[in-house]
Number of protein chains: 2
Amino acid sequence: MNLRELSDHLGLSQATVSRALNGYREIRAETRARVVEAAEKYGYRPNSHARNLATGRARTLAMVFTLGTGLPLDPHFLEFLVGVSEWASVNDLSINLSTPDASREEATYRHIVRTGLADGFIVNGPRVDDPRPGWLKSLRAPYVVHGSTEPAAPDSCVDIDNEGAFARATAHLLDLGHRRIALLNGPGHYVFAAHRELGFRRACAARGVPVDPSLLFATEMTEEQGFLLGRRALAASPRPTAFLCASLILALGLLRALADAGLSTPRDCSIIAHDDVFPFVNPASLRPALTTTRSPIREHGRHVAELLNRKIEASTPFEAHEMIAVDLVLRESTGPAPRLV
Amino acid sequence: MNLRELSDHLGLSQATVSRALNGYREIRAETRARVVEAAEKYGYRPNSHARNLATGRARTLAMVFTLGTGLPLDPHFLEFLVGVSEWASVNDLSINLSTPDASREEATYRHIVRTGLADGFIVNGPRVDDPRPGWLKSLRAPYVVHGSTEPAAPDSCVDIDNEGAFARATAHLLDLGHRRIALLNGPGHYVFAAHRELGFRRACAARGVPVDPSLLFATEMTEEQGFLLGRRALAASPRPTAFLCASLILALGLLRALADAGLSTPRDCSIIAHDDVFPFVNPASLRPALTTTRSPIREHGRHVAELLNRKIEASTPFEAHEMIAVDLVLRESTGPAPRLV
DNA sequence: TTGTAAGCGTTATCAC
DNA sequence: GTGATAACGCTTACAA
């Protein structure tokens, strides 16, 4: 059933039916009701390609996830993606997802713009000196960055206060008397990791506590790395009495390393992990329940989608920086620093 | 740059340019070369909506992931999705992703078909008595199921031999002398879980080993459940001497429960887990390295995409069942059964 | 308030 | 081998 058939049935013109369905003011209420009812009855839905062709819009948001750039395709991305998709569903937009390898990254963006597949882009996992904002600018495509680009860049973005969150977590550990704190951070080429380290250093500096570079780790956020680096950190002497983890997955590995070393938390060693809130690992149910800096990444997705859509619909371009709060949730994995061995 | 502009530049008709670019035979080689070169030079790309409107195809594969149906949105889905997307990218298809809640599930399928957003569907995580194949059939939309639908249903699907894999794993444990084996299975309403239990039971029956129903668990595949159910199973008396886990994530929790109980693997308790191959948890790097039934789920995605595309392009409908092999990878977590306590 | 008609940018069907 | 021209199904001036 297409528009012409429907309008024939109704004895109205295509234009009138189209306007009735699209909520135009000038349509008489009675006519509109008749049209809407008939559309319902026949299950009419406007063909998306025809509509997109006529309006010049794709009603689609694009996410390009480049494989092999060091960003492991982990649950963070999935949760974020779901957030985007939820918002899009509700607002009748589609999601276009592509996963090129690094060599075809730029071509993929250009392809999507040139063919009109999407109206705007979400840039994930901004890297230091990220080329993507530049590409998108020269393609004149709207985009929103999830995370921040360096340094106070003019790109629209939605981010959490990574620096503040890690400074606060660090301060909490310092308050508890910890002086040797290890940081299990994300990969160094990501902006968020740099910001977290900044927060860590800032809190330490504020108390005059020196930072031991050998306790700073930048790594992929896998269980395995959590275990390996945790073990390495614990071999230091004196060993750290507390850990800050950039992700719950890392913390899982760290817990294993601690158990392996016969250390108990929080008696021998405190832990704070950043929790992006995955459905399949709950920090409150771990042993011990983990103290976390918490920010549901799915919600970030909704915010990003909403902002991107605003940019797409904006008659005059604008940039916006949205900052999402991070909670520090105290549970059982943090306690007073032990005497050093 | 659109087709008209390009053909004007070339002094050719739109029809000729279009045909040259689409590889039609009748175009003179020289003409084609000239056209291709110009298209390259001006960065011409056919507008996807116009093309889709003209051809009646969307060149898009749809994945509908319904939230809150008990399928946790876990890394399995993401890895699978990447596989689909990789294949799609290479073959110049798009992915349309939506995540309705359960109440809008059927409407979402209908919406996508009616609006022509996609040419075919991938059905994930088939459930017992799954309504989706029925919906898609009545919508006359091509689809491929990832997994099997009950029982030997006529739906096209790509699946692994869940029953065979778990039978083989169970047999291996029985060979090692284990007689009390606990099964940490996925949620009962999924077909794959039913098949795995079948394999388990078949192997036990073949040796005349009775199955203790209190050692059979059907659960969401989270770390937490692995821990809780592992703990519960270990409290039985006599306790199980081996575990079969439906996922590596469950095994992670189980390992925690074992450590908690002061049990060592494989001395006190053997483990075999099913490994879908995630980038962020590597069974070979766990302590002990886990014996697994292994089947990279990303590869499933590629197979499903390829089969779905064949169905979409088929002039005459057909059904195909593709079975992917599962490896049993022996590592350190399986050993002879201990004397029961 | 409704109808007419001109796009939107392709592909496909004819002629030549 | 190439060129007109008619779809494809919708939106949107412009007319009435």
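Lettering follows sequence order; numbering is per chain, from 1. As a basis for the values below, the full set of heavy atoms in this structure was taken, side chains included, without hydrogen atoms, waters or symmetry mates.
- Residues that satisfy the ring pair (Phe, Tyr, Trp, His ring centres under 6.0 Å) test with Phe121(B), not counting sequence neighbours, are Tyr109(B).
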What donor-acceptor contacts under 3.5 angstrom involve side-chain atoms of residues 87-94 of chain A, with partners at least two apart or in another chain?
{"unit_1": "Ser89(A)", "atom_1": "OG", "unit_2": "Ser85(A)", "atom_2": "O", "d": "3.1"}
{"unit_1": "Asn91(A)", "atom_1": "ND2", "unit_2": "Trp87(A)", "atom_2": "O", "d": "2.7"}
{"unit_1": "Ser94(A)", "atom_1": "OG", "unit_2": "Asn96(B)", "atom_2": "ND2", "d": "3.3"}

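- Residue pairs meeting the salt bridge (charged side-chain N to carboxylate O under 4.0 Å, His left out) criterion with at least one member in residues 47-62 of chain B, sequence neighbours excluded: Arg57(B)-Asp119(B), Arg57(B)-Glu313(B).
- Partners of Thr115(A) by side-chain contact (heavy atoms from CB on, under 4.5 Å), not counting sequence neighbours, listed by chain and number: His111(A), Leu117(A), Arg45(B), Ser48(B).
- Residues passing the ring pair (Phe, Tyr, Trp, His ring centres under 6.0 Å) test with Tyr42(A), sequence neighbours excluded: His9(A).
- For the helix from dT1(C)-dA16(D) to dC16(C)-dG1(D), the end axes, each set by the C1' atoms of five terminal pairs, are bent relative to each other by 40° (nearest 10°).
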Scan nucleotides 9-16 of chain C nucleotide by nucleotide, 5' to 3', and note B when protein non-hydrogen atoms come under 4.0 Å of the base, S if they reach only the sugar-phosphate, - if neither. BBBBBB--

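- Remark: His146(A) pairs with Phe80(A), His300(A) by the ring pair (Phe, Tyr, Trp, His ring centres under 6.0 Å) rule, at least two apart or across chains.
- Residue-environment remark: CD (Glu37(A)) stays at or below the threshold of 12 foreign heavy atoms within 6.0 Å.
- Listed by residue number, there are no residues of residues 108-116 of chain A with a heavy-atom contact under 4.0 Å to DNA chain D.
- When rounded to the nearest whole Å, the span between CG of Leu6(B) and P of dG3(D) equals 13 Å.
- Distance Leu21(A) CG to dT12(D) P: 13 Å, rounded to the nearest Å.
- Between Glu322(A) and Arg310(A) no salt bridge is recorded (no basic side-chain N to carboxylate O distance below 4.0 Å).
- In plain terms, the two heavy atoms of Val191(B) and Val128(B) that are nearest each other are CG2-N, 3.9 Å.
- In Glu40(B), the CD atom is not crowded: 12 or fewer heavy atoms of neighbouring residues, nucleotides or ligands sit closer than 6.0 Å.
- Computed from coordinates, the Arg59(A) CZ to dT11(D) P distance equals 11 Å when rounded to whole Å.
- Shown here are the side-chain contact (heavy atoms from CB on, under 4.5 Å) partners of Asn2(B), two or more places apart in sequence or in another chain: Arg4(B), Glu5(B).
- Not a single side chain to side chain donor-acceptor pair (under 3.5 Å) links Arg104(A) to another residue, sequence neighbours left out.
- Phosphate contact (OP1/OP2 of dG3(C), side-chain N/O of Ser13(A), threshold under 4.0 Å): present.
- Contacts between residues 25-41 of chain B and DNA chain C, defined by a heavy-atom separation under 4.0 Å, are absent.
- Here the closest non-hydrogen pair linking Ile160(B) and Ser295(B) is CG2-OG, 3.3 Å.
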